[in-house]
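Inspection log for the structure reproduced underneath, given as structure tokens.
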Amino acid sequence: MNRRRLGFMTVVSLLVLATHATLAGQAAQAPLPNVVILATGGTIAGTGTTSTTTVGYAVATVGVQSLIDAVPELKRIAMVRGEQVFQIASENMTCDHWLKLGRRVNELLAQDEVDGIVITHGTDTLEETAYFLNLAVTSAKPVVLVGAMRPSTALSADGPMNLYDAVSLAGSREAVGRGVLVCMNDQINGARDVTKTNTSDLGTFRSRELGPLGSMRAGRPAFYRTSTRRHTTQSEFDIREIRELPRVGIVYGYADYGSAVIEALTAAGVKGIVHAGVGNGSVSLDARPALVAARVKGIVVVRSSRVGSGAVARNGEVNDDAFDFVVADDLTPQKARILLALALTKTVDTREIQRMFNQY
Ligand code: DAS
């Protein structure tokens, strides 16, 4: 190689090295995001008597600072601080817990110095809290829910890595504006579509036929989809003025289910009933008179399905126009209940409520 060419190659190599050093320096100097962890309990905060105890352990026993201290690697990716909002098993979550949590999330995200929020939560109702927040949070900043299927004391506990990924996701620019997210088992799912699909599997959270929005790879988010439905900054719901959510009950359909539960909910004074029908949201001939009577009394009726995926067709199995029923699109019954409760804080007009189910 002649001297001129050698000289040229040397200059190029030096330029490349200098560029790398600059980028590395910039990366090293980039300020870490500020992420607040709101702890509510669950298995991620659970402790077992042995390292192989994966059922029958104590839930909601480990405090938020211990959860943070158990993952020292968090310091490399974010400035983290924790708040213990609740310390409960999530089957005990109530609408009042949701309102309190939602208000705290909005309060924190309104602070310039807060870049994102992680909520540690039991897995049993995690999807419900996530969807409520998807409708109630007023910021585009990331809100990420995370849980665990094994207690913190277990061999290969999934909580620490789930928490690491959730903090990374909550501090990432990529997660901004995507609605409330659920980050577990390397997957990123949207709050609207995700559901717990298995009682014990680490990969239990799935968005069935719609699939995850993306995945976490070596602690960094890779997104492939985004939700097309309204959420967070596009939501019309404002929880600041809501003291109590209207009571909405769910009726589960099955062969020969009759009308007793519908009549009991009606007598209990609920404002809405979500009917989790078989198939395409079918209502049995036995149950129909009670459901129509509930509507006549002013209770808003939403037809959902127990099937778990696919939308309920309006005027398909039932003449919704004739009975003034609403259909839940493809929302699961437990999520249709949340949207109906929030809708009832604004209106009892079933055409308006049907619009909401078509948009959120
Ligand atoms: N009981 C469950 C809950 O708190 C434990 C869990 O899976 O997190 O949701």
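Remember, it's a predicted structure, so these values are computed and weren't measured experimentally. Counting starts at 1 for both ligands and their atoms, in listed order.
Listed by atom number, the atoms of ligand 1 under 4.0 Å from Gly42 heavy atoms are 4 (O), 8 (O). Within ligand 1, counting atoms from 1 as listed, the ones closer than 4.0 Å to a heavy atom of Thr43 are 5 (C), 6 (C), 7 (O), 8 (O). Close approach of ligand 1 to Ala89 (heavy-atom distance below 4.0 Å) involves ligand atoms 4 (O).
Rounding to the nearest 0.5 angstrom, the gap separating the CZ atom in Arg150 from the CD1 atom in Ile44 is 13.5 Å.
Scanning the protein for heavy atoms near atom 1 (N) of ligand 1, the closest one is Glu91 OE1, 2.9 Å. Atom 7 (O) of ligand 1 has as its closest protein heavy atom Thr123 OG1, 2.4 Å. Shortest contact from atom 9 (O) of ligand 1 to any protein heavy atom: Ser90 OG, 2.5 Å.
A centroid separation of 6.0 Å or more is found between the aromatic rings of His231 and Tyr360.
When hydrophobic residues (I, L, V, M, F, W, Y) are linked wherever their side-chain heavy atoms come within less than 4.5 Å, the members clustered with Val270 are Val251, Tyr252, Tyr254, Tyr257, Val261, Ile262, Leu265, Ile273, Val283, Leu291, Val292, Val296, Ile299, Val301, Val318, Phe323, Phe325. Val55 forms part of no hydrophobic cluster, judged by ILVMFWY side-chain heavy-atom separations under 4.5 Å.
Judged purely by distance below 3.5 Å, without hydrogens or angles, the side chains of Ser215 and Asp186 never pair a donor atom with an acceptor atom.
The shortest N or O to N or O distance between Asp124 and ligand 1 is under 3.5 Å.
A chain of hydrophobic side-chain contacts below 4.5 Å, direct or via other Ile, Leu, Val, Met, Phe, Trp or Tyr residues, connects Ile77 to Leu163.
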